[in-house]
Amino acid sequence: MEFHSFLIKYSEIAVKGKNRFMFEDKLVARIERALKAVDGDFTVTKTSGRIYVDAKSAFDEKDVTQALQKVFGIVWICPLIKLKDEGFEVLKEKVIAYLKECYGERALTFKVLSRRTRKNYPLTSDEICPLMGEAILQAMPNLRVNVHDPDFFVNIEIRDEFINLYTILIPGPGGVPVGVGGKGMLLLSGGIDSPVAGYMIAKRGLELEAVYFHAPPYTSERAKKKVVDLAELVSRYSGPIRLHVVNFTEIQLYIYETCPHDELTIIMRRVMMRIAERIAKENGCNCLITGESIGQVASQTVQSLTVTNAAVEDLPVFRPVIGFDKQEIIEVAKRIETFETSILPYEDCCTIFVAKHPVTKPLLKVIEASETKLENIGPMVEKAVAEREILEVG
Ligand code: ATP
Ligand code: MG
């Protein structure tokens, strides 16, 4: 039997109360968008607490599943058979034919679950389960019932137009549909951590914009292309990302000439945060997002993070990988397929001007004193912001 439909299950907890409407509508919109990239003609419908994807043409089941596995908010994807109601005897035959096709002679355990939204069906849910179970056992001696921990559930849902049958549950990515939670500005470098950070915040329902600080000719076009590619990879989960590419060269050279070299990284990071916050506010973002993790490098000690953070006026800065080991971040990067791009060896603007012995315990007062020497930085920041390149990615 071919599947023509998928039942989409989402977290019941997330949709309690007033959120339900927005959550479901965003989820439908996100599913529609994800399926645009897949060959075939699909309709997505929401009916009484259920979302269905129906194929109106031939399609590749794996392509559909893979696309749906990138839509945050989906907990389970269930390939579904929609049966016409032709009486309970015919239903039994069809269920058995389906199970034979799916599970063949394999020795497995099952449990029948039944729900009924059509109340005039001649059998109640409590009657359907044992009758169906018995018919399956008779027809398929390789199967056994296990009501506590079965290998699969035979889900039978008696609905108004159709009877739904499904036994396969494919895990979705979980999370919250993108757009439910507002929008965040990701500081996206070419490294491993920031794409993972963006992915994690998008998973909580935020749309993303991103800012990349580029320092030509010290950082190459290929380094920039790598960041665009990373934004593209993250956008497969988050939806389109507007990427702001800020030319940071003049600012960086000025800091290099003016400030103590052991403070370069921290001062640069503070300027990046200020610029990112400004672009974030201009574009309706509610937070900044970075890939910082405590203790990973000198600029990410608690003291350094404190001084970096102090440069931000009032937006919260989310650092979702703050407590992850590098290896844990790498595991996520591999799973979301950003790792291979992140490890391409192009230079990063932070590493080019980096001091041999950067301060690891900076004091805000000391750093602020050094920054007072940057008398001309105001117009440079204005210019960098005004002349930034804006790319729509994804
Ligand atoms: P990543 O792997 O994300 O590059 P990292 O371990 O290299 O992180 P840093 O270079 O100290 O760490 O940067 C910390 C964070 O600062 C990054 O995760 C990113 O959010 C931001 N960042 C660093 N460099 C840039 C840049 N050139 N453009 C935009 N954001 C940057
Ligand atoms: Mg980096």
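Note that the structure is a prediction, hence the values are computed from the model and not measured. As the structure lists them, so they are numbered: ligands from 1, and atoms in each ligand from 1.
- With 3.5 Å as the limit, one finds no donor-acceptor pair spanning the side chains of Asn309 and Arg269.
- Listed by number with element, the atoms of ligand 1 under 4.0 angstrom from any heavy atom of Gly291 are 17 (C), 18 (O), 20 (O).
- The distance criterion of under 3.5 Å between nitrogen or oxygen atoms is not met by Met272 with respect to ligand 1.
- In Leu186, neither the side chain nor the backbone holds a heavy atom less than 4.0 Å from any atom of ligand 1.
- Interatomic distance, CG of Asp85 versus CD1 of Ile158, reported as 7.0 Å (0.5 Å rounding).
- Only the backbone of Leu188 comes within contact range of ligand 1, with a heavy atom under 4.0 Å; no side-chain atom does.
- Side-chain N/O atoms of Asn283 and Arg242 include a donor and acceptor closer than 3.5 Å.
- Between the side chain of Ser293 and the main chain of Gly323, no donor-acceptor pair closer than 3.5 Å is present.
- Here Lys281 pairs with Glu277 in a salt bridge; the nearest charged N to carboxylate O distance falls below 4.0 Å.
- Between Phe213 and ligand 1, an N or O atom pair is found at a separation short of 3.5 Å.
- Between the side chains of Tyr103 and Thr167, at least one donor-acceptor pair of N or O atoms lies under 3.5 Å.
- At under 3.5 Å, a nitrogen or oxygen of Gln300, whether backbone or side chain, sits near a nitrogen or oxygen of ligand 1.
- Of all atoms in ligand 1, numbered sequentially from 1 with element shown, those under 4.0 Å from a heavy atom of Val211 are 29 (C).
- For the pair Gly190 and ligand 1, the shortest N or O to N or O distance does not fall below 3.5 Å.
- The contact set between ligand 1 and Thr290, taken as ligand atoms under 4.0 Å from a residue heavy atom, comprises 20 (O).
- With a 4.0 Å cut-off on non-hydrogen atoms, His214 does not touch ligand 1 at all.
- Cation-pi check for Lys82 over Tyr52 is met; the charged atom lies under 6.0 angstrom from the ring centroid and within 45 degrees of its normal.
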